[in-house]
Amino acid sequence: MEANTTAEKRKFKLTDDELSQWNDNGYFVRHNVFTKEENAEIAQIADDIVDGKRVFPEYHIFKNALVIDGKVEAEGIHAMHNIQYVSCNCKEFLDRTRDPRLTDPVVDILGPDLLGLNNLYIWKPPKLGLGFPWHQDKWYFNHQYKTGMTVATWTAIDDADIENGCLYVVPGSHKGGVRDHEKLEGYQQGEFRQAQGVRDEDGVPVEIPAGSVIWFNSQVLHKSTDNQSERFRRCNVAHYIKATTEWTRPEAVNIKRPPMYIRGKTYPGMANEVQHDVIPIIEDD
């Protein structure tokens with residue numbers, strides 16, 4: 001991995017049009033970023049975890065609420081969190097998070113020194129996959145980090161469209177600050193919070209083919225809907241912050257999850273807490 005590169009050397013840097021979209025709308029899209037074969041490799045690793053062929057800690061796995069509540073009988077994986085952190089068997093996810101096709105544009109937004117936050121792999125099975133309510137990622141990250149912005153990358157493993165529950169965004173909502181988020185009564189995936197004062201009619205669907213990537217500002221309001229189709233809608237999500245970011249609660253160091261080194265330099269105050277490689281999981285005898 002080439003960590004320190006000039007703009008001239010960065011093959012996948014932002015275009016002027018993408019920068020304009022980023023500033024105006026808070027997001028932009030690129031197609032054909034990853035090949036069918038590259039997506040298939042990531043998808044197979046995730047499926048192997050579900051099938052027990054790769055070791056992965058249960059507390060990083062979130063179950064589908066319909067299955068938990070006994071409303072349907074199915075394999076109920078909803079999402080896996082922090083895949084790149086936890087197992088020597090999942091190094092491919094860390095490599096994907098550090099891929100310059102994802103990080104080169106982020107350098108143009110956040111600077112050359114990057115750390116990674118939560119990396120999620122999300123399943124939306126046919127007729128079973130549930131959506132997320134309107135939210136801003138920064139509302140969640142504010143509980144951990146003092147940062148002006150994080151950047152998310154959302155990679156489509158399958159074609160994502162309205163029928164199978166694609167991402168929706170409110171263009172320009174990154175300019176309005178972070179809204180209050182409250183628990184949404186009766187919402188099936190109860191661990192999520194609803195951003196207040198959002199109108200559905202302001203949202204636009206971002207329909208993209210497999211292999212495409214959405215880059216979006218952590219303050220952009222976004223959601224997804226339930227999968228009403230007979231197809232999967234899977235995605236791989238990675239979040240990035242500046243390496244100079246500070247903890248919101250420095251005194252709570254023992255309960256914090258260390259950010260992952262992505263590229264560039266680390267800095268005092270965070271350097272001793274940055275994780276540089278995956279952590280092996282030791283299986284019980």
Side-chain angles (χ1 to χ4, degrees), residues 12 14-43 46 64 66 77-80 96 99 101-102 104-106 109 119-137 150-175 187-189 192 194-195 198-240:
F12 307 103
L14 276 179
T15 67
D16 290 341
D17 183 57
E18 288 170 341
L19 181 59
S20 178
Q21 293 178 49
W22 177 266
N23 291 332
D24 292 342
N25 299 323
Y27 73 98
F28 66 91
V29 176
R30 284 184 180 179
H31 298 302
N32 300 311
V33 178
F34 295 103
T35 66
K36 181 178 179 180
E37 291 73 23
E38 288 173 317
N39 269 353
E41 178 187 25
I42 290 293
N64 183 288
L66 295 174
I77 298 293
H78 170 75
M80 295 188 300
R96 175 65 68 94
D99 194 301
R101 285 172 288 183
L102 294 182
D104 272 4
V106 181
I109 298 168
N119 192 77
L120 301 87
Y121 185 90
I122 301 173
W123 285 266
K124 272 195 181 179
K127 301 297 185 180
L128 178 64
L130 298 172
F132 296 78
W134 287 112
H135 66 284
Q136 295 164 296
D137 293 335
T150 66
V151 176
T153 60
W154 195 102
T155 301
I157 303 299
D158 307 292
D159 293 345
D161 51 49
I162 292 174
E163 187 180 19
N164 70 354
C166 68
L167 203 67
Y168 284 70
V169 301
V170 177
S173 55
H174 62 300
K175 302 175 183 179
Y187 185 70
Q188 193 70 47
Q189 296 287 79
F192 302 111
Q194 166 83 41
V198 188
R199 302 186 307 171
D200 278 336
E201 56 265 34
D202 291 335
V204 297
V206 186
E207 298 184 282
I208 56 175
S212 301
V213 178
I214 309 168
W215 282 259
F216 61 92
N217 186 306
S218 61
Q219 292 190 179
V220 164
L221 287 158
H222 59 288
K223 72 169 186 176
S224 68
T225 51
D226 297 349
N227 186 352
Q228 304 293 337
S229 76
E230 299 293 341
R231 297 168 287 119
F232 268 92
R233 196 238 66 184
R234 296 165 291 185
C235 66
N236 187 56
V237 183
H239 295 276
Y240 303 93

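All residue numbers in this chain count up from 1 along the given sequence.
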- request: Could you check whether the rings of Trp134 and Tyr168 sit parallel, tilted or perpendicular, using 30° and 60° as the cut-offs?
  value: perpendicular

task: Could you pull out the closest heavy-atom pair between Pro205 and Cys166, with the gap in Å?
output: CB-SG, 3.9 Å

Pairwise distance CD1(Ile109) to CG(Leu19) - rounded to 0.5 angstrom: 8.0 Å

- request: Measure across Leu102 and Val106 and return the closest heavy-atom pair with its distance rounded to 0.1 Å.
  value: O-CG2, 3.3 Å

query: How far does CG of Asn227 sit from CD of Glu163, to the nearest 0.5 angstrom?
result: 8.0 Å

- request: Going by the side chain to side chain contact (heavy atoms under 4.5 Å, CB included) test, name the single residue among Thr153, Leu167, Val169 that passes it with Phe216.
  value: Leu167

query: Are any non-hydrogen side-chain atoms of Asn236 and Asn119 less than 4.5 angstrom apart?
result: yes

- request: Search all heavy atoms of Val198 against all heavy atoms of Val170 and return the closest pair with its distance.
  value: CG1-CG2, 4.2 Å

query: Would a 4.5 Å heavy-atom cut-off, applied to side chains only, mark Thr155 and Asn39 as touching?
result: yes

query: NE2 of His222 to OH of Tyr27: how many Å apart, nearest 0.5 Å?
result: 13.0 Å

- prompt: Would you say Asp161's side chain and Glu207's backbone share a donor-acceptor pair under 3.5 angstrom?
  reply: no

Stepwise side-chain contact (heavy atoms from CB on, under 4.5 Å) check, Arg233 with Ile122: CA-CA 8 Å; Arg233 196 238 66 184; Ile122 301 173; 4.0 Å; yes

task: Say whether, by atom type as modelled, one donor and one acceptor occur between the side chain of Asn25 and the main chain of Gly172 under 3.5 angstrom.
output: no

- request: Please report the shortest heavy-atom distance between Gln136 and Ser173, naming the atom on each side.
  value: NE2-O, 4.3 Å

- request: Nearest 0.5 Å please: distance from the OG1 atom of Thr35 over to the CD atom of Glu37.
  value: 4.5 Å

query: So, is the end of the Arg96 side chain (NZ or CZ) under 6.0 Å from the ring centre of Phe34 and within 45° of the ring's axis?
result: yes

field: Check against side-chain contact (heavy atoms from CB on, under 4.5 Å), Ile157 and Tyr121
entry: CA-CA 10 Å; Ile157 303 299; Tyr121 185 90; 4.1 Å; yes

query: In Å, rounded to the nearest 0.5 Å, how long is the span from CZ of Arg199 to CG of Leu221?
result: 12.0 Å

query: Which class fits the ring pair His135 and Phe132: parallel under 30°, tilted 30 to 60°, perpendicular over 60°?
result: tilted

task: Answer yes or no: is there a donor N or O on one side and an acceptor on the other, between the side chain of Asn217 and the main chain of Gly26, under 3.5 Å?
output: no

- prompt: Roughly how far, to the nearest 0.5 Å, is the NZ atom of Lys124 from the CZ atom of Arg231?
  reply: 12.0 Å

- prompt: Are side-chain heavy atoms of Phe28 and Pro105 found at a separation under 4.5 Å?
  reply: yes

side-chain contact (heavy atoms from CB on, under 4.5 Å) evaluation trace for His239 with Leu120: CA-CA 9 Å; His239 295 276; Leu120 301 87; 4.0 Å; yes

task: Could you tell me whether the side chain of Trp154 and the main chain of Ser212 form a donor-acceptor pair under 3.5 Å?
output: no

- request: Might you point out which heavy atoms bring Arg101 and Trp215 nearest each other, and give the distance in Å?
  value: O-CZ2, 3.3 Å

